[in-house]
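Notes follow the structure.
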Amino acid sequence: MKIQVLGCSGSIARDSRTTSFLLDEDVLIDAGTGVGDLSLDALERIDHILLTHSHLDHVLGVPLLADSILRRRQARGAAPIQIHALPETLAVLRDHVFNNHLWPDFTRLPTADDPVLRFVPFEIGQVLEFGERRVEVLSARHSVPACGFAVHGPAGGRGAWVFSGDTGPNPDFWERIGQFPVAHIVIETAFSEPECRLARTSGHHCPSSLAQELTRAPADARIYITHIKPGEISAVMAGLRALDQQRPVMELLRGDTFDL
Ligand SMILES: [Zn+2]
Ligand SMILES: [Zn+2]
């Protein structure tokens, strides 16, 4: 089981791609601009897309990917790509993206009976199974309904890979991930310390709010910081290191891979 970081930036600029991870070859976790670096062959192999929430930096790859791979998947009779998300997230996609104004409704194309995309709602706490791989939906606290994910590793492995999604402080997240072995935590810190107010009102972390939360992090887990705005990386990482000397934190980088 392997997870590849396709994008982990809070926004775009040269060499910055927004949130997207590839689990093995067929499961995409969020569909930010990092998806656009995959080859057409690799895009075609994606059978499932898991979305943390409806914000554009996490979903914009879905409509474009559908268009790119439609012909190839139809030609080989592949099943629709399943888009797994909270019901509120799927409603936003339906009403505001696949509404035949912003983009064609690929949940009814090329035909309503055999579309290229299918929406599959999930709820917090649900465990999705893809073959032997188990992905648990974790709670998040953001400005819109949102979630994180725990990819549970194989039995006897080093533990789960946990992704917070976009979130501010959230006791429920730490309580849940304290109940199973965790090897890696990918958690957001979207804003630098001078912007803590903005972080609070928009449902994100800044260094001091994250440092407070990390006191609850499982002792053995490695901490990776994601979703930093371009241009703010050194400020955020310096802020985190100044506040929490005990807990080493690393900047997550595009191209990083995790083996579970
Ligand atoms: Zn967001
Ligand atoms: Zn975001």
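Remember, it's 1-based here, ligands and their atoms both numbered in the order they're listed. Basis for what follows: all heavy atoms, side chains included, without hydrogens, waters or symmetry-related copies.
The ring-ring contact (aromatic ring centres under 6.0 Å, His included) test applied to F191 returns H204, not counting sequence neighbours. Applying the side-chain contact (heavy atoms from CB on, under 4.5 Å) test to P154 and every residue at least two apart in sequence or in another chain returns M1, L260. In this structure, C147 has no disulfide (SG to SG under 2.5 Å) partners at least two apart in sequence or on a different chain.
Across S20 and D30, no two heavy atoms sit closer than the pair OG-O, 2.9 Å.
In this structure, the side chains of R17 and L6 stay at 4.5 Å or more apart for every pair of heavy atoms.
The environment of Q179 atom CD is dense: over 12 non-hydrogen atoms of other residues, nucleotides or ligands sit within 6.0 angstrom.
For the Zn ion (ligand 2), the set of protein N/O/S atoms nearer than 2.8 Å consists of D57 OD2, H58 NE2, D166 OD2, H227 NE2, ordered by chain and number.
For the Zn ion (ligand 1), the N/O/S atoms of H142 include one lying under 2.8 Å.
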